[in-house]
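Below is one structure; the comments refer to it alone.
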Amino acid sequence: MRILLIHADFIEYTALEPAIKEPEPIDNKSERFEECLVAFCSIEKIDEEDPKGVAELAAQSIMEHANMIGVKTIVLYPYAHLSSNLASPRMAMDILKELKNSLKPLANVKSAPFGWYKSFIIKCKGHPLSELSRTILPPEKKEKKEEKTTPSKFLILMPDGKEIPIDLSRPESFLNLNIEPSLIQLIKNEAGLKEERGPPIHIKLMKRLELVDYEPASDVGHFRFYPKGLMIKESLEAFATELAVKELKALKIETPMLYRLDEPDIAEQAAKFRERDYRLKIDNREFTLRFAGDFGLFRMMKDAIMSYKQLPIRVYELSHSFRLEQSGECVGLKRLRAFTMPDIHCFCANLNQGLSEYKLLFEKYTMLTNAMEIDYAIAFRVVEEFYEKNKEWFLSLLKIVNKSALIELLPEMKHYWILKHEYQAIDSIGGNLQLVTVQLDVEDATRYGIMYIDEDGQKKGCIILHSSMGSIERWMGIVLEQAAKNQMSGRTPKLPLWLSPIQVRVIPVSSNYLDKAMEIASKISQSFIRVDVDDRDESVPRKIRDAEMEWIPYIIVLGEKEVNSGELSVRIRGEGIFKRTLDSLISEISEKLSSKPRIPLCLPMLLSMRPKFA
RNA sequence: GCCCCAGUAGCUCAGCCCGGUAGAGCGACGGUCUUGUAAACCGUUGGUCAGGGGUUCAAAGCCCCUCUGGGGCUCCA
């Protein structure tokens, strides 16, 4: 907030015409105040973060000065022209009201109406202290300190029901436990134990494999996807969509990217997000780019009529979100400013339904995460009382995944959720990355007016489950990191078969076998397997090397022997060279792919016809 | 966002300390070779030394600013 303070003999104003759509209603068009301190105020964007805090600080500052010069009357005068970064009119009005209320017990407070073009006459006294300007910033949030006064407790819960309390400040309490290495690594990170770390390996890989790259012409954290990268991305998206729509029977929706900031619920959510949203101004109206799926979804569900008979209702959306993450924090695919996220929200009638729904999601996401062939650890964050009451239920979840979990017990409810969990991947340099998350939300439904009609005909608020498999881009990063980890431990680096951009490559030993190679490739392709043909004028060893560098899982070398014998020579990545008939190879691959998405090849089948991207 | 480091051919990098004609390998292009399980051979091409400014007779190099990337910190309702 910017304030211009003027000690005046008098101020006199007349409201002429409205300057905004909904100006403050007025009783008197004109008013005059004698012997007063006039505070011209501009409420700024940043004040929206903490309206009360700002109002309080401003009141203090004004009173300090009023006492010094000994005036009894304070006139608050809304004056937009002190700042170029104004708050929304609605918020500004609220904050000014707040300011007025804070001053009321301390002085005789008057205010000029908000949202009017006004003419005014002021007579400034002109003494040294009669003119003064102040900038008030929202007070620093004290959440951290509060957390310190009521710290969380941590324990490890094992699938057999054993509980091991741990103390993050004492590494010896968890370093030597007989639990999964990935969980120990997660706890180390949680405890802030730092290790020497290089750049994430996936950055080199994503470029070398022609998957994804930076786009310097865009903002930090916005990437370009090459065809091979896009095939992986689309496979992941299809997998998420199938899980939601086919297995969970979720309703698939789409909501806008852009939201008006003069809608109170949007403004509230955006303010909580603390300047980490993209803002833009069009025709004098401020917008924010969605940073989560909740905006449009909550709006849609608020308008929906839901009966208890229909619950639980699951809603799925796959959408881009935008977050203005700190530039220094955007490294490779770990954190982006523009990313793709599949979200599933479940609307439940009561806590019981919420819990069984939670378990169902847990089961599905476990299946999904296992399909990625990565190391991961699980952490629950839960209000202590809730945990104590539902221990058996927690155990039933761990039995599904058959892993121990870190459990953070929160002494009281600090967020809108009472329970959440994360699947955290461990990357090649020991860092952890949040992937899947499910949150049990007991508050938002009433806050946002998402109601269902119960048996008794009464409207009641839903229990909402928020869940996501995490950003698709981050998943790509972690799958690459896992490959790098395998390589470091002496195994062959590879992607899961279903995510490999090229699944089979056919290498004819000379151009004489090109037609035959094409024939075989098109047969394989008919089974929805991504296959290509290396028709370049290169030596066979060279083509094999290139295929291996691309991490292609199946390489077929085709020459006279194969054409005569009818048996193919198949080089399986990391395993060796095997004989297969075409049919047995196709059925072997199809079996491995089972129900995984089959995104078609979006490149020319002939290598010679492809541009090089990296 | 803050502090530190880096940016030289499409890619990986040398040259920079100590100012004096812009280098290599790979790739791409052309040719020879018709090839058997991780790099055939020969030739040609390739540069706003990230951008801008300054110092200097002379700047890839020294100084300043900006951009991009990396590391660390902070942040992650």
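None of the values given here were measured: they were computed from a predicted structure. Within every chain, numbering begins at 1; the chains are lettered A, B, ... in the order of the sequence lines, protein sequences first and strands thereafter.
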- Message: Does anything in residues 545-560 of chain A form a side chain to side chain donor-acceptor pair (under 3.5 Å)? List the pairs, not counting sequence neighbours.
- Response: K228(A)-E550(A), R505(A)-E550(A), R536(A)-D546(A), R542(A)-D546(A), E548(A)-R571(A), E548(A)-R573(A), Y554(A)-E588(A), Y554(A)-K592(A)

- Item | Lys/Arg N to Asp/Glu carboxylate O, D265(A) vs K302(A), below 4.0 Å | no

- Using the P atom on both, measure rA38(B) against rA24(B) and round to a whole Å. 31 Å

- Just compare rG69(B), rC75(B), rG71(B) and give me whichever is closest to any side-chain atom of V220(A). rG69(B)

- Item | Aromatic ring proximity H466(A)/Y416(A), centre distance under 6.0 Å | yes

- Query: Taking a pair as Watson-Crick or G-U wobble with both distances under 3.5 Å, which nucleotide is matched to rC16(B)?
  - Reply: none

- Min side-chain heavy-atom separation R337(A)-F322(A) under 4.5 Å: no

- Item | Interatomic distance, I203(A) CD1 vs rU68(B) C1' [rounded to whole Å] | 13 Å

- Task: Quote, to the nearest angstrom, the C1' distance that separates rC11(B) from rG69(B).
- Result: 16 Å

- Task: Look at atom CD of E215(A) and say whether more than 12 heavy atoms of other residues, nucleotides or ligands are closer to it than 6.0 Å.
- Result: yes

- Message: Does a side-chain N or O of R571(A) approach OP1 or OP2 of rA38(B) to a distance below 4.0 Å, or not?
- Response: yes

- Query: How many Å lie between NZ on K204(A) and P on rG71(B), as a whole number?
  - Reply: 12 Å

- Searching all strands shown, indicate the nucleotide that pairs with rU68(B) (Watson-Crick or G-U wobble; both distances under 3.5 Å). rA6(B)

- Query: Over how many whole Å does the gap from D546(A) atom CG to rU37(B) atom C1' extend?
  - Reply: 13 Å

- Query: Reckon D294(A) touches a base, only the sugar-phosphate, or nothing at all at heavy-atom distances under 4.0 Å?
  - Reply: base

- Item | Rounded interatomic separation in angstrom, taking CZ from F223(A) and C1' from rG69(B) | 11 Å

- Between C1' of rG10(B) and NZ of K207(A), the distance in whole Å: 13 Å

- Task: Searching all strands shown, indicate the nucleotide that pairs with rA77(B) (Watson-Crick or G-U wobble; both distances under 3.5 Å).
- Result: none

- Message: Between rG23(B) and rC49(B), how far apart are the two C1' atoms, rounded to whole Å?
- Response: 12 Å

- Is G332(A) touching bases, backbone alone, or none of the nucleic acid, heavy atoms closer than 4.0 Å? sugar-phosphate

- Query: rC75(B) and rG19(B): how far apart are their C1' atoms, nearest whole angstrom?
  - Reply: 44 Å

- Query: Mind checking the C1' distance from rG10(B) to rG27(B)? Whole angstroms is fine.
  - Reply: 7 Å

- Message: For the C1' atoms, the ones on rC17(B) and on rA9(B), what distance do you get once it is rounded to whole angstrom?
- Response: 25 Å

- Nucleotide-resolved protein contact map, nucleotides 24-36 of chain B, B/S/- at heavy-atom distance under 4.0 Å: ---S-----BBBB

- Message: Tell me whether E538(A) is salt-bridged to K543(A), with the criterion being a basic N under 4.0 Å from an acidic carboxylate O.
- Response: no

- Checking all strands, does P200(A) fall into the base, sugar-phosphate, or nothing category for heavy-atom contacts under 4.0 angstrom? sugar-phosphate

- Task: Can you tell me, in whole Å, how much space there is between the C1' of rA50(B) and that of rA59(B)?
- Result: 16 Å

- 5'-most by nearest nucleotide on RNA chain B - E325(A) or C330(A): C330(A)

- Taken to the nearest whole Å, CG/L333(A) to C1'/rG69(B) is 14 Å

- Task: Please measure how far the C1' atom in rA28(B) lies from the corresponding atom in rG36(B), and state the result in whole Å.
- Result: 27 Å

- Message: Tell me if the NZ atom of K579(A) is crowded by more than 12 foreign heavy atoms within 6.0 Å.
- Response: yes

- Partner of rA28(B) under the Watson-Crick or G-U wobble criteria, both distances under 3.5 Å, comes out as rU44(B)

- Query: With a 4.5 Å heavy-atom cut-off, do L601(A) and I502(A) have their side chains touching?
  - Reply: yes

- Task: Sort out for me which residue in K485(A), E481(A), Q482(A) forms a side chain to side chain donor-acceptor pair (under 3.5 Å) with S428(A).
- Result: E481(A)

- Message: At less than 3.5 Å, do the side-chain atoms of R276(A) and the base atoms of rC76(B) form a donor-acceptor pair?
- Response: no

- Item | For atom CD of Q326(A) and atom C1' of rC76(B), their distance in whole Å | 8 Å

- Message: Using a distance-only criterion (donor-acceptor N/O pair, under 3.5 Å, no hydrogens), is the base of rA77(B) paired with the side chain of R323(A)?
- Response: no

- Closer to the 5' end of RNA chain B via nearest nucleotide, is it I544(A) or S327(A)? S327(A)

- Query: To the nearest Å, how far apart are R335(A) CZ and rG71(B) P?
  - Reply: 13 Å

